[in-house]
Amino acid sequence: MSPADAQRSNASHPAQEAVARAFGAENRARLLARYFDATQTITSTNAWQHVYRLLLWIDRTTALAHCYESDKAQPGRAWYARSLAFHAWVSNALNVSPADLGESIDWLFREAVKDLASRALAIRTAVYEQQRAPYAGRGFPEPGEDPELVALIKEVVGKWMTEEPPEEEFRKLTRRIYVYVTQENKRRNLVGEGFEDVIAAVIGRLRFSDKTEIRSRCLLHDLPGFHAPPPNEKPRRVDLALLRGNHRTLVSAKWSIRADREEQFHTDFEAYARLESAGQDFEYTLITNEFDAARLKAACDRRRQNAPLFTHVVHVNPDAVVATYGEAVRGSATAVSAHVKDGRLMSLEAWLEKFGRRIPDRSGASTD
DNA sequence: CACGAGCATAGTCTTATGAA
DNA sequence: TTCATAAGACTATGCTCGTG
């Protein structure tokens, strides 16, 4: 946190008070501190549970835990069955009923947006009146006017209405619906950077035998043993960097993966390798919550020259992927279950365990 | 404080491929 | 022909930072 950030953040802020940037680094850190301070045990084994409690959410169109693109997860389509299986698996693993899962997950988003809705609906009345004044009396539409949506509502529930609501109330309703629906689009930022934050927070709270320094979204050349890029090249950032002794792990943390974004894995690594200045190996590890078998397979198999691109490919919980695909395993899913079995697709737990055990004295030199 | 550029996050939508 | 999978393109959004 920079001095300016520290100055802005007021320690006496009550938890519910409005914050300037609900999804910003400062507020995420504040919320995560609150969450983890109230959490007794954080272990490699339950790390994935914290990830899901904090970040996983319910897809409103299916009312099931989100694991795949919404359009392919609609009732009757292939991923609806898998979404059901995933929902069942998560509920069971978190020890809540399928009906209550929604209240047990998505903590970070639900906390961050708590006062966003009311702020989105708020109108600075004086300014608003002034803005509309020149057009007064000309029948200009009011904000929230949406005859089609109103017609839809009336069509479905109208017969239960004892009287016709005033137009103004319908405008309030349509505005609230709009805010509610579009709120979902704001999730992406929080999931993405929040994923990095949560992993960093978990690692920071695990008791490793060796001290580990964790940096989020830092510049590559601020890490030991990396050059600054030439002036005509933009500086590189690393999602997550773990430093321990002379051991450097660069982590790419992606909640989900798409083909076009995969290309970046390669160009990022190419830059990292080219700008390496210490003449020593570094790890390049992917952590993801992607559920698509083909994308996971591609990440596991992706190569650079004569070696796998990623030192490790880590999934929040591969058991969830296996359970989601269920019995009907074919195509890429076959390869993925093989990768799970042979450890190429690692669980977050296994990766944290492995990381916690490693002692960086490969050279045999004294660490004193 | 307002504004915009630039970067970054992710999900959604569209098109291509291949198998039944 | 139909459908799921796979690959790729596109979009909605927020934060940070610099500028006026």
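Lettering follows sequence order; numbering is per chain, from 1. Every heavy atom of this structure was used, including side-chain atoms; hydrogens, water molecules and symmetry mates were not.
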*Is the shortest side-chain N/O distance from A:Trp79 to OP1 or OP2 of C:dT5 below 4.0 Å?*
yes
*Please figure out whether A:Ala25 or A:Arg295 has its closest DNA chain C nucleotide nearer the 5' end.*
A:Arg295
_Distance below 4.0 Å between A:Lys186 side-chain N/O and C:dT13 OP1 or OP2_ = no
_Whole angstrom value for the distance that separates C1' of C:dG14 from CD of A:Glu26_ = 15 Å
*asked:* Do A:Glu263 and A:Asp260 make a side-chain contact, defined as non-hydrogen atoms from C-beta onward lying under 4.5 Å apart?
replied: no
_Would you call the rings of A:Phe355 and A:Trp351 parallel, tilted or perpendicular, taking 30° and 60° as the class edges?_
tilted
*Pick one: which of A:Arg274, A:Arg236, A:Lys234 meets salt bridge (charged side-chain N to carboxylate O under 4.0 Å, His left out) with A:Asp268?*
A:Arg236
*Would you jot down, in residue-number order, the residues of residues 251-271 of chain A having a non-hydrogen atom under 4.0 Å from DNA chain C?*
A:Ala259, A:Asp260
*Nearest whole angstrom, please: distance from the P of C:dG14 to the CD of A:Glu196.*
18 Å
*Given the rule in the salt bridge (charged side-chain N to carboxylate O under 4.0 Å, His left out) test, do A:Arg171 and A:Glu168 qualify, once you have shown the distances and angles that lead to the verdict?*
CA-CA 5 Å; A:Arg171 288 198 296 271; A:Glu168 189 192 345; 5.3 Å; no
*Given side chains that start at C-beta, do those of A:His339 and A:Asp301 come closer than 4.5 Å, heavy atoms only?*
yes
*Has A:Arg248 got its NZ or CZ under 6.0 Å from the middle of the six-membered ring of A:Phe282, at an angle within 45 degrees of the ring axis?*
no
*Using the side-chain contact (heavy atoms from CB on, under 4.5 Å) rule, take A:Glu276 and A:Leu223 through it: C-alpha gap first, then chi angles, then the decisive distance, then the call.*
CA-CA 10 Å; A:Glu276 207 283 335; A:Leu223 295 171; over 6 Å; no
*Within residues 69-78 of chain A: residues closer than 4.0 Å to DNA chain B (heavy atoms)*: A:Glu69, A:Ser70, A:Asp71, A:Lys72
*Heavy atoms of chain A, cut-off under 4.0 Å: which first and last nucleotide of DNA chain B, 5' to 3', fall inside that, if you could look?*
B:dA8 to B:dT14
*Just to confirm, is there a sub-4.0 Å distance from OP1 or OP2 of C:dA6 to any side-chain nitrogen or oxygen of A:Ser332?*
yes
*Face-on cation placement of A:Arg77 at A:Trp79 ring, 6.0 Å and 45° thresholds*: no
_Phosphate-side-chain proximity, A:Arg21 and C:dT16, N/O vs OP1/OP2 below 4.0 Å_ = yes
_Distance, nearest 0.5 Å, that separates OG1 of A:Thr285 from CG of A:Leu242_ = 8.5 Å
*Could you check whether the rings of A:Phe109 and A:Phe23 sit parallel, tilted or perpendicular, using 30° and 60° as the cut-offs?*
parallel
*Give a yes/no on whether any side-chain N or O of A:Asn189 is located under 4.0 angstrom from OP1 or OP2 of C:dT13.*
no
